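Each ligand, and each atom within it, is numbered from 1 in the order the structure gives. This one's a predicted model, so the numbers in the text were calculated from it and none came from an experiment.
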Amino acid sequence: MNRSWAVFVSGKGSNLKNFLEIEASGRLNNQRLSLVVADKACPALEIAKSYGKPQFVLSPKEEAFSDLLIERLYQEQISDIFLMGYMRVLPLSFVSKWRGLLVNIHPSLLPKYKGLRAVERAYAAGDRKLGVSLHHVVEHVDSGELIDQRELLRQENESLEDIFVRIHSLEHQIVEDFLIRLESEASAR
Ligand code: GRF
């Protein structure tokens with residue numbers, strides 16, 4: 001096993017579920033989802049529980065946040081971190097420590113619409129081209145090197161809800177392709 005992932009979540013957990021389903025399909029021989037980290041109780045934790053995954057809830061208000069988090073990641077022998085709808089900005093020292101091993105999925109065509117409510121802002125601006133970015137996490141929010149990016153074209157009169165559905169499935173596809181690519185790279189070694 002050469003990658004042991006921690007997935008960080010704050011919300012519904014559709015991306016977490018997608019990762020768990022890919023793992024359950026038996027296509028990951030060199031990667032494992034080992035820990036789910038959340039900043040608060042959220043539906044994603046129910047999904048983690050239903051797959052029997054260890055979970056760790058840690059409020060960023062916690063004074064020793066970074067130390068406690070790093071300790072738990074070491075305990076679980078985590079090698080890589082995937083932010084999947086984690087709605088907090090991680091401390092700079094933490095990001096520096098994990099640089100290169102930390103990725104994020106973001107629902108916009110970065111560098112457009114960094115930060116919160118990216119889909120809503122693109123929709124309100126009337127953008128015809130929306131999309132999803134998978135990128136490395138660096139010290140500035142949503143600014144790291146892109147790993148992959150995909151577009152979708154807004155249909156005439158398409159509702160925000162419908163766009164969200166398509167954004168989520170594009171996210172799931174981009175993540176699946178990324179994990180499978182890592183898998184082939186690991187097997188080729
Ligand atoms: C996703 O759109 C992700 O790109 C963004 O937050 C959302 C999380 O959705 N950062 P879910 O919790 O995975 O359903």
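Between Gly13 and ligand 1, an N or O atom pair is found at a separation short of 3.5 Å. Residue Ile105 has at least one N or O atom closer than 3.5 Å to an N or O atom of ligand 1. Close N/O approach between Asn15 and ligand 1 is found [any backbone or side-chain N/O within under 3.5 Å].
Ion pairing between a basic and an acidic side chain is recognised when a charged N comes within 4.0 Å of a carboxylate O; Lys112 and Asp127 show such pairing. A salt bridge links Glu23 with Lys53: at least one charged nitrogen is closer than 4.0 Å to a carboxylate oxygen. Salt bridge present: Asp177 and Arg150 bring a charged side-chain N and a carboxylate O closer than 4.0 Å.
Ring orientation note: the planes of Phe94 and Phe8 are tilted relative to one another, at an angle of 30° to 60°.
More than 12 heavy-atom neighbours from other residues, nucleotides or ligands sit within 6.0 angstrom of CD on Glu120.
His106 contributes no side-chain N or O that, together with a main-chain N or O of Gly85, makes up a donor-acceptor pair within less than 3.5 Å.
Taking 4.0 Å as the cut-off, Ala44 does not count as a neighbour of ligand 1 on heavy-atom distance.
The ligand atoms of ligand 1 that sit less than 4.0 angstrom from a heavy atom of Glu171 are 1 (C), 2 (O), 3 (C), 4 (O).
In terms of protein heavy-atom proximity, atom 7 (C) of ligand 1 is nearest to Gly85 CA, 4.1 Å.
Counting heavy atoms only, His168 comes closest to atom 9 (O) of ligand 1 of the residues His168, Met84, His106, Lys12.
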